[in-house]
Amino acid sequence: MSRRRIGFWYRLVAAICKPPLRLLVKRDWRGAEHIPADGGFITAVNHNSYLDPFFYAHFQYNTGRVPRFLAKDALFKKGVVGTVMRGTGQIPVYRESTDASKAFRAAVKAVEDGECVAFYPEGTLTRDPAQWPMKGKTGAARVALVTRAPVIPVAHWGANELLPPYGKPRPFPRKTFHLLAGPPVDLSEFYGKEPTPQVLAEVTEVIMDAVTRLLEELRGEQAPAERFDPKTVRAEQRRRSADRKENS
């Protein structure tokens, strides 16, 4: 199979969602020429609003290459939502350790079957104070090294102005959703290497650097030299809390 057919459920969801998405924001989409016409590939996308998956999916749908997202397995068990998740071919992520590898295997199979798998390498909404991409998790890197499929970096800005992270909607004035897809990330130097934690971390940094450069172009600003790392911040907060207790 060279590419996944869009299918009934994706077309139904698109028919329902596209009109309000068009109404909510103006569109500035660039880089669609970098989306492969055939064959499996990976996209790596920044995440700064609960709404951005819908707007990104709208862009990707219009290229004719629908994405398969990784989502919490609980969503696949809930009535209409679960039916839609299963019908559109999304990939469940299981928290139980015995099932944790299922999402990885499903993602690899999807790419090898000629589909697009979309990763949010940050794993959650960015917690960077200025909403730059955080330090990424290694899922996209693992799938990329196994499949050697193209990794297309995608950056966007604007959904976060409509619905800020952990904030309230701000529909007025009407916002513009800016999206820029870049050329495939060159990971050839890593092919054939043992996927050790260090190698996976290096691949992830290369991918996140590509996404960040695109976001810099969209925002017309330079990202911080050091990427925000939630683990480092939490460790520092615990250290300060321990120091305060010790000194109190």
Side-chain angles (χ1 to χ4, degrees), residues 31 34-36 39-48 52-53 56 60 65 67-71 90-95 97 100-128 131-156 179-218 222-235:
H34 297 302
I35 302 299
F41 66 101
I42 296 162
T43 56
V45 192
N46 67 305
H47 195 17
N48 56 23
D52 64 57
Y56 159 66
Q60 187 81 31
R65 303 301 311 276
R68 291 183 65 180
F69 294 93
L70 284 80
Q90 308 313 312
I91 299 173
V93 177
Y94 301 90
R95 292 187 176 183
S97 58
S101 63
K102 286 185 178 179
F104 170 72
R105 292 198 299 269
V108 168
K109 185 177 187 306
V111 172
E112 291 178 341
D113 284 348
E115 302 182 38
C116 166
V117 176
F119 280 89
Y120 286 92
E122 297 164 272
T124 186
L125 290 174
T126 181
R127 289 180 170 79
D128 181 271
Q131 299 182 47
W132 290 102
M134 300 188 297
K135 187 177 180 65
K137 299 182 182 300
T138 61
R142 293 177 65 203
V143 176
L145 292 185
V146 169
T147 63
R148 300 194 181 186
V151 177
I152 309 300
V154 179
H156 56 74
L179 182 145
L180 180 58
V185 181
D186 183 6
L187 300 176
S188 58
E189 67 177 289
F190 300 102
Y191 295 157
K193 289 187 177 181
E194 184 72 20
T196 62
Q198 180 177 345
V199 167
L200 291 172
E202 290 175 3
V203 173
T204 301
E205 276 299 291
V206 172
I207 293 171
M208 295 307 298
D209 283 345
V211 174
T212 301
R213 284 194 297 270
L214 293 175
L215 188 56
E216 287 179 328
E217 184 174 343
L218 284 180
Q222 189 170 358
E226 186 174 346
R227 207 180 315 281
F228 185 88
D229 184 352
K231 289 184 179 179
T232 301
V233 172
R234 287 194 295 269

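Quick caveat, the model's predicted, so the values are computed rather than measured. Start at 1 with the first residue, then count along the sequence.
Remark: Q222 pairs with no residue by the side-chain hydrogen bond (donor to acceptor under 3.5 Å, both in side chains) rule, at least two apart or across chains. Scored by the side chain to side chain contact (heavy atoms under 4.5 Å, CB included) test, T124 finds R127, M134, Y166 as partners (sequence neighbours excluded). For the side-chain hydrogen bond (donor to acceptor under 3.5 Å, both in side chains) test, residues two or more places apart in sequence or in another chain that qualify with S188 are D186. Judged as a side chain to side chain contact (heavy atoms under 4.5 Å, CB included), and not counting sequence neighbours, the contacts of A71 are L75, F76, M85. Annotation: side chain to side chain contact (heavy atoms under 4.5 Å, CB included) contacts of Q198 (sequence neighbours excluded): T196, E202. Scored by the ring-ring contact (aromatic ring centres under 6.0 Å, His included) test, F228 finds no partners at all (sequence neighbours excluded). Considering only residues two or more places apart in sequence or on other chains, R234 meets the side-chain hydrogen bond (donor to acceptor under 3.5 Å, both in side chains) condition with none of them. Take K193 and apply the side-chain hydrogen bond (donor to acceptor under 3.5 Å, both in side chains) test, not counting sequence neighbours, and it matches no residue. For Y120, the ring-ring contact (aromatic ring centres under 6.0 Å, His included) partners at least two apart in sequence or on another chain are H47. By the ring-ring contact (aromatic ring centres under 6.0 Å, His included) test, Y56 is found to be paired with F69, residues two or more places apart in sequence or in another chain being considered.
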Check: residues 209-217 side-chain donor-acceptor pairs under 3.5 Å, at least two apart:
unit_1	atom_1	unit_2	atom_2	d
D209	OD1	R227	NH2	2.4
T212	OG1	M208	O	2.8
T212	OG1	R227	NH1	2.9
E216	OE2	A223	N	2.8

Please list, one pair per line, the donor and acceptor atoms closer than 3.5 Å that link side chains of residues 140-155 to other protein atoms, with sequence neighbours excluded.
unit_1	atom_1	unit_2	atom_2	d
T147	OG1	V143	O	2.8
T147	OG1	A149	N	3.2

